[in-house]
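Position 1 is the first residue of the sequence; numbering continues from there. Worth saying up front: this structure is predicted, and the values here are computed from it rather than measured.
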Amino acid sequence: MLNDKQVMVAYNFEGYWKDVGTIESLWEANMDLLSQPMPIDLHDKKWRIYAKNPGLAPHYIAKGAVVNDALITEGSEVYGKVEHSVVFAGVQVEEGAAVIDSVIMPGAVIKRGAVVRRAIVAEKAVVGAGCFVGEETGNIAVVGNGVTLPAGVTVTAGQQIDETATF
C-alpha cells in the first residue's frame with residue numbers, strides 16, 4: 001500500500017479477537033463464550049451485538065431435558081441433552097439426543113438418540129436418529145450446510161461431511 005502511495009492506518013486493538021478461518025478456531029471461538037470468566041461481556045450495553053434477528057419464539061426446554069453450561073438461542077427446542085455447547089436459532093434437539101461440546105448452527109435438527117460430540121453441525125443440517133457425530137477427543141467433526149445424515153451413520157473425529165457425501 002505504501003509503494004502505491006495509499007493511506008495505511010493501524011489501530012491498536014485491546015480486547016477479545018479470534019481469527020475463525022479454520023474449523024478448529026470457529027469451534028474454539030464458540031467454546032470461549034462458555035468459559036468463565038467469559039472473554040467478552042455479551043451483556044455490556046456499550047458493546048452492542050448487531051445481528052440479524054430471526055424473530056422466533058423464545059427457546060423451549062422440555063420437561064426432562066438436560067441443559068448444562070450452554071447458550072441456547074431463540075426458537076430452539078430442546079427435548080434431549082445439551083452440555084457445554086452453543087445452540088443457534090431454530091435448532092431442534094429431540095428426546096434422547098445428546099449434544100456435547102458442540103456448535104449447532106441455525107435450523108439444524110438432531111434426531112432422537114443421536115449423539116453429537118466435539119462437532120459443528122451447519123445450518124439446516126439433519127443428524128439422523130441414532131447417528132454418532134464426532135468423538136470425545138480428536139479434531140472437530142463437521143456436518144455441512146443442508147446435509148441430512150441417514151439414521152445410524154457415524155461421523156468420526158475430524159471427518160467433514162458435505163452435500164456430495166454418499167451413504
Side-chain angles (χ1 to χ4, degrees), residues 16-44 49 51-54 56-149 151-162:
Y16 178 83
W17 181 87
K18 186 172 284 231
D19 179 356
V20 292
T22 68
I23 297 297
E24 296 290 326
S25 64
L26 176 62
W27 180 83
E28 287 171 2
N30 279 276
M31 294 298 106
D32 285 350
L33 297 175
L34 300 171
S35 64
Q36 295 296 322
M38 193 180 296
I40 57 175
D41 181 1
L42 296 177
H43 304 286
D44 184 349
I49 298 173
K52 180 180 173 188
N53 183 337
L56 299 172
H59 66 268
Y60 175 73
I61 310 299
K63 182 177 181 177
V66 175
V67 177
N68 291 308
D69 192 24
L71 294 174
I72 311 290
T73 308
E74 66 184 293
S76 293
E77 298 177 17
V78 178
Y79 298 88
K81 173 179 168 182
V82 176
E83 290 189 352
H84 195 256
S85 296
V86 177
V87 175
F88 283 80
V91 167
Q92 291 183 7
V93 178
E94 292 186 356
E95 188 174 340
V99 174
I100 304 159
D101 296 327
S102 295
V103 178
I104 313 298
M105 297 294 188
V109 177
I110 314 301
K111 295 284 194 178
R112 182 179 300 273
V115 176
V116 177
R117 181 184 295 269
R118 281 185 56 84
I120 297 174
V121 177
E123 283 192 55
K124 297 183 177 131
V126 177
V127 175
C131 287
F132 288 91
V133 177
E135 299 174 41
E136 192 170 339
T137 60
N139 292 332
I140 305 305
V142 177
V143 177
N145 283 342
V147 170
T148 296
L149 296 179
V153 168
T154 296
V155 178
T156 59
Q159 193 172 2
Q160 297 180 26
I161 305 299
D162 65 16

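Between Met105 and Leu26, the shortest heavy-atom contact is CE-CD2, 4.2 Å. Closest non-hydrogen pair, Ala122 versus Gly144, comes out as CB-C, 3.4 Å. Of all heavy-atom pairs between Asp19 and Ser25, the closest is O-OG, 3.0 Å.
Remark: the backbone N or O of Leu56 is paired with a side-chain donor or acceptor of Glu74 at under 3.5 angstrom. Within the 3.5 Å criterion, the main-chain N or O of Gly138 finds a donor-acceptor partner in the side chain of Arg118. When atom types are taken as modelled, the side chain of Trp27 and the backbone of Ala141 share no donor-acceptor pair closer than 3.5 angstrom. Under the 3.5 Å distance criterion, the side-chain polar atoms of Asn145 are matched with a main-chain donor or acceptor of Glu123. Between the side chain of Glu24 and the backbone N or O of Ile140 there is at least one donor-acceptor pair closer than 3.5 Å. No donor-acceptor pair under 3.5 Å is formed between the side chain of Ser85 and the backbone N or O of Val103. No donor-acceptor pair under 3.5 Å is formed between the side chain of Ser102 and the backbone N or O of Ile120.
When the shell of 6.0 Å around CD of Glu95 is examined, it contains 12 or fewer heavy atoms from other residues, nucleotides or ligands.
Distance check, rounded to the nearest 0.5 Å: CG of Asp101 to OG1 of Thr137 gives 11.0 Å. The distance from the CD1 atom of Ile72 to the CD1 atom of Ile61 is 5.0 Å, given to the nearest 0.5 Å. Here the CE-CG distance, from Met31 to Asp69, works out to 9.0 Å after rounding to the nearest 0.5 Å. Taking CG from Leu149 and CD1 from Ile161, the interatomic distance works out to 6.5 Å, rounded to the nearest 0.5 Å.
You'll find the side chain of Glu136 stays beyond 4.5 Å of the side chain of Ile100, heavy atoms only. Looking only at side-chain heavy atoms (C-beta outward), Lys111 and Cys131 stay at 4.5 Å or farther from each other.
Under the 3.5 Å distance criterion, with hydrogens and angles disregarded, no donor-acceptor pair is assigned to the side chains of Ser76 and Thr73.
Within the structure, the ring-ring contact (aromatic ring centres under 6.0 Å, His included) test picks out the following pairs touching residues 57-101 (sequence neighbours left out): Tyr60-Tyr79.
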Side-chain donor-acceptor pairs of residues 32-42 under 3.5 Å, sequence neighbours excluded:
from: Asp32; atom 1: OD2; to: Tyr16; atom 2: OH; distance (Å): 2.6
from: Asp32; atom 1: OD2; to: Lys18; atom 2: NZ; distance (Å): 3.4
from: Ser35; atom 1: OG; to: Asp32; atom 2: O; distance (Å): 2.7
from: Asp41; atom 1: OD1; to: His43; atom 2: N; distance (Å): 2.9

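Thr156 meets the side chain to side chain contact (heavy atoms under 4.5 Å, CB included) test with Glu135, Thr154, Gln159; sequence neighbours excluded.
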